[in-house]
Amino acid sequence: MKELSDKYYKTLGYYCPSLFFIYLTGKGRLKAMRQWNEMQQSTFLHEYVHFLQDFITVQGLTNMYRIGEYLGYVTNVAKDSDMNEIHIPVDPMNTTGYNLKNNYKLSNWTFGEKKDVRGLAGYQKVKRGTLIDDQTQIPLDIYSIDLNGIDEKGNAVKVEFGTLQLMEGMAKEIEEAAYPNMKGNSPYNPYYIGRDVAESIMKGIGSKGDTMIALYDLSLQSSIPGYTFVVYLEEKVKQGYDATTLTADVIYNELLSKNVNHKQLGNTTFENAFNNAMKMATNVVNDLTGNIWVYNHIRYWYDTILKKGHYIRMNYSHLFIDIAGAGKINNGTLFQNLLDYLGTPLIENEEGVFESRAPKNVPIKTSDMADVYAMVQTQLVFRQDGTFRCALVDYCNNKKWWSFRKHWVDERCLTTPWKRRMRFNRCPFCQWWYFKGFSKTKLLHP
C-alpha cells in the first residue's frame, strides 16, 4: 500500500499487507526515530497503521489466511506430483476444494481499485456474483459499491469501492490528525474518497475525524467492507442519526455488544466472527511453519501478535482514535508503548538498511523477520510467469556471513531465486523451500 506525494508523485513508503514489510524513504534508523523529519515520521505512522490492520481487523486476518491457504494448496500439489513438478502459474481462480477460489473471488470483488479520479458524483450498489461453498454448497450473494468518479478532465469514471479505500482512508485520517502539516499530500483515490462517500450519505460526517476512523474500522470487520460502510451509514440516517449524534462511541458500542446481522458474517456476534478469522489465520501459520525448527521463533512471534491483536480488539476498541489523538510519534508515550508491546514488521530504508523491533519478551531478530517476509512472498512465485526478483537482494548483499563474508548473491536472485536451493548458506528466500520439501521440485512454465 504505497504512500504517494501527489505534488511530486514519488513513493514515500509502502507496506505489504500480510507480508509484514515496510519500505520508507529517508536514511533514518529506528533507534533515531525521534530525530526523523516529519515526512518520514508521518509515513511510518501511516504504514504502521496498515501493520495493525493486519491482525486487529477481520479483513487483515482473512487476507493472512487466504495467502497461507494458497501456499498450503501449492504445497499439496507438490507432494502429490510423482515427477516433483509444479506447472506455474498456479492460478487460485482455477483451483478446486479448500474454498480457495471463492476466497480469491471475494477479495477481487470487494477490494476496490486505484483509479485516478478527482471527485465523486454518486454511487450504486451492485451484485458482484454468487459464491457456492465447496463443502456445504450453500450459495452466498456478494454485493459491493461502484462509485461515479470524476477525472481531472471532468469525465465520468467508474471506480470500485472497497477494502483499499477503507484501509488507506483510515491510515490517512490518523496520519493527518497527528501531522496536520502533511494534509493533502496524497491522491484523492484511494486516500480521501471515502470521506466524500460518507459525506454524500450523511452531511458533515466527513469532517468528524474520530467518527470516520471508527466507520473505517467497523467496515473492515466485514468480508464486504465497502458495502458495509455504505449500508451502515444509510441505516443510521434512517434511524435519525446525524454527524453530531453518530459518534465513535456509538459505532464501537454497537460493534462489540450486538449480534452481527450483515449477511456476509451470518447471524453471530462480532467477537465470534473475529475469533473465527483469528483461528483460521493461526491454523495456516502453524501449517506454514510446522515441524520446521528454524521457524520456532517465527511461530511464537505470529502467535504473540495474533493474541495481542485479539486483546486490543476486544479491550481497546478506540486504539486507532487514540493513536490519531496522541500526535507525533516522537511525542508522548502511547506510540512508543505500542512499539514495545507489538514491535514492528521488517523495515527497509532507502539506503537498503533492514531493521525490526521485537515485541517485548519475544525472542525474534531482524533475520527472523526477513525469513517471515521471504516465506510469505513465495506465494508470488507460483502466481507469476517463471521470473521473479527476490525482494531481499539488498538485505542479503549487506548481510555479513560469520562476521567477515557477505551472503552469496548472484543473478539467480534477480530472476529465479528458488534455484539457489542448497544445503548450506541458504538464503531467507530458500529457507522455506528447503524445509517444506521443495528442494527437488521443478517449476515448469509453458
Find out whether [X] and [Y] are in side-chain contact, i.e. whether some heavy atom of one side chain is under 4.5 Å from a heavy atom of the other.
X	Y	answer
Y227	T110	no
L131	K105	yes
T130	L140	no
R313	Q221	yes
E348	V353	no
W301	P359	yes
Q379	L19	yes
I347	T366	no

Could [X] and [Y] be called an ion pair, given the rule that one side-chain N must be under 4.0 Å from one carboxylate O?
X	Y	result
D303	R299	no
E38	K328	yes
R66	E69	no
R128	D146	yes
E350	R29	no
D141	K127	yes
K125	E234	yes
R195	E173	yes

- Task: For the residue pair H50 and H46, categorise the inter-ring angle as parallel (less than 30°), tilted (30 to 60°) or perpendicular (more than 60°).
- Result: perpendicular
- Take the angle between the ring planes of F51 and F55 and call it parallel below 30°, perpendicular above 60°, tilted in between. perpendicular
- Under the side-chain hydrogen bond (donor to acceptor under 3.5 Å, both in side chains) rule, what do D322 and Y316 come out as? Steps first, then yes or no, please. CA-CA 10 Å; D322 287 349; Y316 196 178; 2.9 Å; yes
Counting distance only, does the side-chain N/O of [X] pair as donor-acceptor with the main-chain N or O of [Y] below 3.5 Å?
X	Y	result
E113	P190	no
D54	S18	yes
T344	R357	yes

So, [X] versus [Y]: side-chain donor-acceptor pair below 3.5 Å or not?
X	Y	result
Q59	T163	yes
Y179	Q41	yes
Y65	N103	no
H297	D371	no

Can we call the ring centroids of [X] and [Y] under 6.0 Å apart?
X	Y	value
F382	W433	yes
Y192	Y188	no
F435	Y295	no
Y216	F320	no
F44	W36	yes

- Task: Drop me the distance from N349's CG to F354's CZ, to the nearest 0.5 angstrom.
- Result: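 Those atoms lie 9.0 Å apart.
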- Say you draw a straight line from CE of M39 to CG of L24; how long is it, rounded to the nearest 0.5 Å? 12.0 Å
- Passes side chain to side chain contact (heavy atoms under 4.5 Å, CB included), V376 versus I67? Steps please. CA-CA 8 Å; V376 185; I67 292 174; 3.7 Å; yes
- Only counting residues at least two apart or in another chain, list the ones meeting side chain to side chain contact (heavy atoms under 4.5 Å, CB included) with A326. L334
- Task: Could you go through the side-chain hydrogen bond (donor to acceptor under 3.5 Å, both in side chains) check for K172 and S186 one step at a time?
- Result: CA-CA 9 Å; K172 181 55 67 175; S186 299; 2.8 Å; yes
- Task: With side-chain hydrogen bond (donor to acceptor under 3.5 Å, both in side chains) as the test, would you mind laying out the steps for D210 and H318 before giving the verdict?
- Result: CA-CA 9 Å; D210 288 359; H318 288 58; over 6 Å; no
- Message: Run Y232 and E254 through side chain to side chain contact (heavy atoms under 4.5 Å, CB included) and show every step you take.
- Response: CA-CA 11 Å; Y232 179 84; E254 288 192 354; 3.1 Å; yes
- Item | Test applied, ring-ring contact (aromatic ring centres under 6.0 Å, His included); reference residue, Y373; option that passes from F20, Y15, F21, Y23 |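 Option passing the ring-ring contact (aromatic ring centres under 6.0 Å, His included) with Y373: F21.
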- Message: side-chain hydrogen bond (donor to acceptor under 3.5 Å, both in side chains), that's the test. Do Y252 and D217 meet it? Break it down for me.
- Response: CA-CA 9 Å; Y252 281 124; D217 199 3; 2.7 Å; yes
- Query: Do L220 and M167 pass the side chain to side chain contact (heavy atoms under 4.5 Å, CB included) test, and can you show the C-alpha distance, the side-chain angles, and the key distance before you say yes or no?
  - Reply: CA-CA 8 Å; L220 290 170; M167 285 189 165; 3.8 Å; yes
- From T304, N337, I56, I312, residue fulfilling side chain to side chain contact (heavy atoms under 4.5 Å, CB included) relative to L342: I312
- Query: Do other residues, nucleotides or ligands put more than 12 heavy atoms under 6.0 Å from the OH atom of Y311?
  - Reply: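 12 or below, so no.
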